[in-house]
Structure formats: structure tokens, C-alpha cells
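Notes follow the structure.
Throughout, a chain's letter reflects where its sequence line sits, starting with A, and its residues are numbered from 1. Every heavy atom of this structure was used, including side-chain atoms; hydrogens, water molecules and symmetry mates were not.
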There are 2 protein chains.
Amino acid sequence: MSMDAVFRALADPTRRQLLDSLHARNGQTLNALCEHMDMTRQAVTKHLAILEEANLVTTMRRGREKEHYLNPVPINEIAERWIGKFERHRLDALSDLKQRLEREEP
Amino acid sequence: MSMDAVFRALADPTRRQLLDSLHARNGQTLNALCEHMDMTRQAVTKHLAILEEANLVTTMRRGREKEHYLNPVPINEIAERWIGKFERHRLDALSDLKQRLEREEP
DNA sequence: TTGACATGCAACCAAATGGTTGCATATTAA
DNA sequence: TTAATATGCAACCATTTGGTTGCATGTCAA
């Protein structure tokens, strides 16, 4: 599980959409994931393979179906690379504040 | 500052190395950054332009030199996208534990 | 002012990337 | 067993990407 693979995997908008889809509903099969996508099944398969190689997605064979699960660990490691622990808490607080302000404004 | 630009920027190992370099010493000029890199100055310029467009790097003109600064905000937003707040604390604790264990082992 | 230094712009090229189509394999259900 | 369903593999193609070289511009210092 090289970090390089993780970053490369996250670079593509389709793959991020797949992660979003799994974040919303975990354990989806290939066909289920394909339904939201506007491309062939084979293209989606390739993207999932890249996500798997990056260890961002874990799979489980169940009969003739393949279930896909999101793995958040590598994403957390990204944040830890360039953000110090203290700075990170500060940024989280800032982002919370921003969200609260956005919610309160008309 | 689109998220897409951020992910695309982080996809390349050279650009991540540039971020590392700025994380180690902030405010470096183009030439300073070039010294660690094994490619032409023009190539580095292109990479920095992509990092700037992603708002991962901020620049300040000082005379004929251009200083480059790391901006951690977009990186924090990545982590917030796929990791819930509670889960994130758990992952941080886990990563801390792992580091401590690695340090203690021979 | 003039030469040296720091950066900017543009054309060009090889390789990687994201997509397609076509066919193969494996499992379930009738 | 057999037809339908779910996934896998491979060849092929257009576009993007990361790099180069060559030249232009702008600023500092002698």
C-alpha cells in the first residue's frame, strides 16, 4: 500500500465519486456502483481496481457478486503528512466555524 | 479553489516532494526549490503553477524573487470529506499507537 | 548603464491515462 | 442442464500529462 497509489487513485473525479457512493452505502456490488455512473461497466471496473490497489477500497467475494467497502485509513494518513496535530485541531475548529456561519446565514 | 484541482495537484510525486520541501522550510524561492529536484527549472515552474492553482501553495513576489508558502487548508478538507469526526479521532489514536509501537520495537 | 541572475512563456514530444468494444469465465435459478 | 446474470481480461484509441529546449522579460548590483 504505497502512498503514491493512494494519491494517484484520488486524482480522478470518477474514483472520488465511487468513494462518495460507498461512503453513502457501503458494500455495494460492481453493478450497483455502475448504476450511478455514466460510463461502461468495464471503465468502472478499471477505476475500482485502482482504488483497490491503493487500499482505499476492500472487496469481498460473495458468490458471483463482489462487494466493495471503503477504507478510510489511507485518507487519514494524507492529512497527517502535511498538517501538524495542533494545526489540525485549529483547522478543524475553523472549518466547523465556517460551516456554522454558512448554516446561520439566510 | 476547486477540490478537483487539489486532488490533481497531489497526484504527482514531484509536487508532493515540493510540498514536503516547503513543509520543511517555508518561503523558498523557485531556484531554491529547484536545487533538490532532478529536472529543469521550467518543469518545476509548471508543477508549482499547478500547486498554486490548487491553492496548496501561495506565493509572494519579493523583487526579482518569488517566495512559495505551503497552505494546509485544502488538505484538511480532504480528510473531512470521507472521514466522520469520531472516526477520525479513532484513526488518529490508532496511528499514534502504531507510531509508538514502531518507536519502541528494536 | 550593463551584465548577471531570477523568473516567464511557448512549442514540441514520449508516455501515461481514461475510455471504448469484444469476448471469456463463473455462478445462480429455472 | 441451461439460460441469464455478474464479473474478468485484452486490444485498441484519443487526450492529458510531465518533461524538454529555446527564447523573452524583469530586477539587482557593479
Discussion item. Do Phe7(A) and Met3(B) sit in one hydrophobic cluster, given that two such residues count as connected whenever their side-chain heavy atoms are within less than 4.5 Å of each other, even indirectly?
Written reply: yes
Worksheet entry | Donor-acceptor under 3.5 Å (Asn26(A) side chain, Leu70(A) main chain) | yes
Discussion item. By nearest heavy atom, map Thr29(B) and Ala43(A) onto DNA chain C; which one lands nearer the 5' end?
Written reply: Thr29(B)
Worksheet, complete the sentence: From CG of Leu18(A) across to P of dG18(C) the rounded distance in Å is 12 Å
Item to complete: State which of dG18(D), dT7(C), dT20(C) makes the closest approach to the side chain of Thr40(A).
Response: dT20(C)
Worksheet entry | Asn31(A) side chain near dT7(D) phosphate (N/O to OP1/OP2, under 4.0 Å) | yes
Worksheet item: Any idea which heavy atoms bring Arg64(A) and Arg61(A) closest together, and the distance?
Response: O-NH2, 3.4 Å
Discussion item. Within the 4.0 Å heavy-atom criterion, would you say Arg62(A) contacts the bases, only the backbone, or no part of the nucleic acid?
Written reply: nothing
Worksheet, complete the sentence: When rounded to whole Å, the CG to P distance for the pair Asp12(A) and dT17(D) reads 11 Å
Practice prompt. Among the candidates dT7(C), dT21(D), dC23(C), find the nucleotide nearest to the side-chain atoms of Gln42(A).
Written response: dC23(C)
Worksheet item: Do any side-chain nitrogens or oxygens of Arg15(A) fall under 4.0 Å of OP1 or OP2 in dG18(C)?
Response: yes
Worksheet item: Is the shortest distance from a Lys or Arg side-chain nitrogen in Arg16(A) or Asp4(B) to a carboxylate oxygen in the other one below 4.0 Å?
Response: yes
Worksheet item: Distance-only, no hydrogens or angles: does the His68(A) side chain make a donor-acceptor pair with backbone N or O of Gln28(A) under 3.5 Å?
Response: yes
Fill in: Nearest-Å distance for atom pair CZ/P, residues Arg64(A) and dA3(D)
15 Å
Practice prompt. Would you kindly give the CD-to-P distance between Glu65(B) and dT7(C), to the nearest whole Å?
Written response: 6 Å
Response to the item:
Between NE2 of His47(B) and P of dT7(C) the distance, given in whole Å, is 17 Å
Item to complete: Just compare dG19(D), dT7(C), dT17(C) and give me whichever is closest to any side-chain atom of Lys46(B).
Response: dG19(D)
Fill in: Among dT20(D), dG19(D), dG18(C), the one nearest Thr14(B) by side-chain distance
dG19(D)
Discussion item. Strictly distance-based, threshold 3.5 Å: is any side-chain N or O of Asn71(A) a donor or acceptor partner for the main-chain N or O of Val57(A)?
Written reply: no
Worksheet item: Any donor-acceptor pair under 3.5 Å linking the side chain of Arg15(B) with the backbone of Ile50(B)?
Response: no
Fill in: Integer-rounded Å distance: dT7(D) C1' and Gln28(A) CD
16 Å
Worksheet item: Starting at CD of Glu53(B) and ending at P of dG8(C), how long is that distance when rounded to a whole Å?
Response: 15 Å
Item to complete: For the helix from dT1(C)-dA30(D) to dA30(C)-dT1(D), measure the angle between the helix axis at one end and the axis at the other, each built from five pairs, rounding to 10°.
Response: 30°
Practice prompt. Between Ala11(A) and Gly63(A), just flag the one whose closest nucleotide in DNA chain C comes earlier from the 5' side.
Written response: Ala11(A)
Item to complete: Write down the distance between NE2 (His68(B)) and P (dG8(C)), rounded to a whole number of angstrom.
Response: 7 Å
Worksheet entry | Expected output: side-chain Thr45(A) to main-chain Arg41(A) donor-acceptor under 3.5 Å | yes
Worksheet item: Considering only side-chain heavy atoms of Thr45(B), which listed nucleotide, dG8(C), dT7(D), dG19(D), is closest?
Response: dG8(C)
Worksheet item: Would you say dA6(D) has OP1 or OP2 under 4.0 Å from some side-chain N or O of Arg61(A)?
Response: no
Worksheet item: Counting side-chain heavy atoms from CB outward, which of dT20(D), dT7(C), dG18(C) is closest to Arg41(B)?
Response: dT7(C)
